[in-house]
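Below is one structure, written out as structure tokens; comments come after it.
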Amino acid sequence: MQSVAPQIARRINDRAALDLLAAREEMTRSEMRTALGMSQPSILELFDRLLEDGLIEEAGQVEGRRGPRAQAYRINPRRAHVVVARVARQEIVASVSNLLGEFVSTSSAPAPTTDSDALHSDVAECVEAAISRAGVERDQVRLAVVATPGVVDPETGDVGYVAHRPEWRGALRANLEQDLGIPVHLENQVKLLGLAELDARRAETFALVSIGPAGLAAALVLDGTLWRGAHGAAGEIAYMPGGSELPVLGPDNSATGNLGELISRLAVEQPLRLESMTRPIARAIAAICTVIDPGEIILAGPIGRGGGDPLSKAIEDALTAVWPVRVPVTPTRVSGDAVLKGAARAGLDRLLPELWGPQTGLTKA
């Protein structure tokens, strides 16, 4: 009977090679042998194994070198796909991502219905349209990640609550899995902004604060890991007091007198006065700093991104007045639909261990 140890070693080596290929885009066998410190027979066996499994493909011959031209290899991005969707009050948008996080199709639909029985059908229809446009085999789509407002309950994996939309509670995941026939992972939209930001910067402990007409919320990333909290509500800073009085929570999870209500009111004023938001947002960020001591604060959302460097500097200056440690405040670096990019990252984080093997400290590129 074959020992388990060689099987584990091969699994680790496969994942290490795939991580390197994903990071460097293309590599030859010789380059991989040097990077991993493996023998030539072991490298030949590794490449044969990955090619047979359809995990890598030829990328053409390397030009501009002396001697025989070497064959380069790359990740096969079409080996499997993840479909992602963003569900908002205004619209539904869905895209299909390959294994490199590249979107190969997009579909959109009008605002979802308020009927909880039909909500999942609206989302499923948009997702199916995106899959159809991608032109991929249906069984190649292995997982769906759906971005939703509100809080996702970690016990059920479904919507825990959305302010002003009590009918969304528990109305998506199980129904979508039945509609689509694949596993469905739900995640808060702002938390997905945090995952997208993690791909765009080196800092591994930061807080992303999304500011927009709907209020504000935060994504907390600690040591490279998104922190959701015990109830999935970490970062729901809109519920913090907006003034000297405690907020009053309503039956539909809306609230009066909280920070989210204050920012929403200021956001619709014309002309928009960003300076009026600076102090209340800085106070909220100071509260975050007392708990996680972030290395950086990133501003996102329509107002956070739109305010650019001037808003970031104003909030950083205001934060310095109430928090003794200087924390850089910068606008987001992620362009395009950052929520869908974060959803693709979340999906690949779940799919790649299944295809490539578990990632360990030895396999980080």
Side-chain angles (χ1 to χ4, degrees), residues 22 25 53-59 74-149 152 157-159 168 171-193 195-196 199-200 302 334-352 354-356:
E25 297 185 0
D53 290 343
L55 296 174
I56 63 173
E57 62 185 9
E58 294 182 351
R74 64 191 175 201
I75 296 295
N76 176 10
R78 301 172 301 282
R79 177 66 171 77
H81 295 79
V82 174
V83 62
V84 298
R86 171 168 50 81
V87 183
R89 294 183 180 91
Q90 299 80 16
E91 64 176 351
I92 304 169
V93 180
S95 294
V96 174
S97 167
N98 63 25
L99 290 183
L100 297 178
E102 301 165 339
F103 293 128
V104 297
S105 72
T106 299
S107 179
S108 61
T113 177
T114 56
D115 181 0
S116 61
D117 292 333
L119 173 62
H120 62 90
S121 298
D122 293 341
V123 177
E125 185 176 342
C126 187
V127 165
E128 292 289 3
I131 294 173
S132 177
R133 291 182 181 180
V136 300
E137 295 293 333
R138 190 63 174 76
D139 61 2
Q140 290 296 301
V141 181
R142 307 282 288 273
L143 173 71
V145 178
V146 178
T148 175
V152 175
D158 211 330
V159 176
W168 284 27
L172 270 181
R173 185 185 178 191
N175 289 322
L176 273 177
E177 288 185 336
Q178 184 174 358
D179 291 342
L180 299 175
I182 55 176
V184 174
H185 172 72
L186 265 60
E187 189 62 86
N188 169 268
Q189 293 186 1
V190 175
K191 288 180 172 60
L192 291 175
L193 290 178
L195 285 181
D199 274 345
V334 182
S335 59
D337 196 322
V339 172
L340 290 186
K341 289 181 178 180
R345 161 72 186 257
L348 293 176
D349 283 348
R350 285 163 174 77
L351 180 59
L352 290 184
E354 177 186 336
L355 292 176
W356 292 3

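Computed over heavy atoms, backbone and side chain alike; hydrogens, waters and symmetry mates excluded.
- Taking 4.5 Å as the limit, some side-chain heavy atom of Leu55 sits within range of a side-chain heavy atom of Trp356.
- Taking CG of Leu352 as the reference point, atom CZ of Arg79 lies at 11.5 Å (rounded to 0.5 Å).
- Note: Asp179 CG to Ser121 OG = 5.5 Å, rounded to the nearest 0.5 Å.
- Using a 4.5 Å heavy-atom threshold, the side chains of Leu143 and Ile182 count as separate.
- For the pair Arg86 and Asp337, the salt-bridge criterion is met [side-chain N within less than 4.0 Å of a carboxylate O].
- Closest of all the heavy-atom pairs between Lys341 and Ser335 is NZ-O, 2.7 Å.
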Sequence neighbours excluded and cut-off under 3.5 Å, please list the side-chain donor-acceptor pairs for residues 124-133, or say none.
residue : atom : partner : partner atom : Å
Glu128  : OE1  : Arg138  : NE           : 3.4
Glu128  : OE2  : Arg138  : NH2          : 3.0
Arg133  : NH1  : Thr106  : O            : 3.0

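- Here the side chains of Val87 and Val146 are in contact, with some heavy-atom distance below 4.5 Å.
- For the pair Leu186 and Asp158, the tightest heavy-atom approach, listed with the atom from each and the gap, is CD2-OD1, 3.5 Å.
- Counting only distance, with no hydrogens or angles, the side chain of Asn188 and the backbone of Pro149 share no donor-acceptor pair below 3.5 Å.
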Verdict with reasoning, Arg350 to His185, per side chain to side chain contact (heavy atoms under 4.5 Å, CB included): CA-CA 9 Å; Arg350 285 163 174 77; His185 172 72; 2.9 Å; yes

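- The shortest non-hydrogen separation linking Leu340 to Ser95 is CD1-OG, 3.5 Å.
- Considering all non-hydrogen atoms of both residues, His120 and Asn175 come closest at CG-CB, 3.3 Å.
- Note that the CD atom of Glu177 and the CG atom of Leu172 stand 11.0 Å from one another [nearest 0.5 Å].
- With contacts defined as side-chain heavy-atom distances shorter than 4.5 Å, the pair Asn98/Phe103 does not qualify.
- Annotation: the span from Leu119 atom CG to Trp168 atom CH2 amounts to 6.0 Å, rounded to 0.5 Å.
- Using modelled atom types and a 3.5 Å distance limit, the side chains of His81 and Arg142 yield no donor-acceptor pair.
- Listed by chain and residue number, Arg345 satisfy the salt bridge (charged side-chain N to carboxylate O under 4.0 Å, His left out) test with Asp349 (two or more places apart in sequence, or in another chain).
- Within a 6.0 Å sphere centred on CD of Gln178, heavy atoms belonging to other residues, nucleotides or ligands number 12 at most.
- In terms of heavy atoms, Gly347 sits closest to Val145 at CA-CG2, 3.5 Å.
- A salt bridge does not link Arg74 to Glu25: none of the charged side-chain nitrogens sits closer than 4.0 Å to a carboxylate oxygen.
- Considering only heavy atoms from C-beta on, Val141 stays 4.5 Å or farther from Val82 through its side chain.
- The two residues Leu99 and Ala80 come nearest to each other via the heavy atoms CG-O, 3.5 Å.
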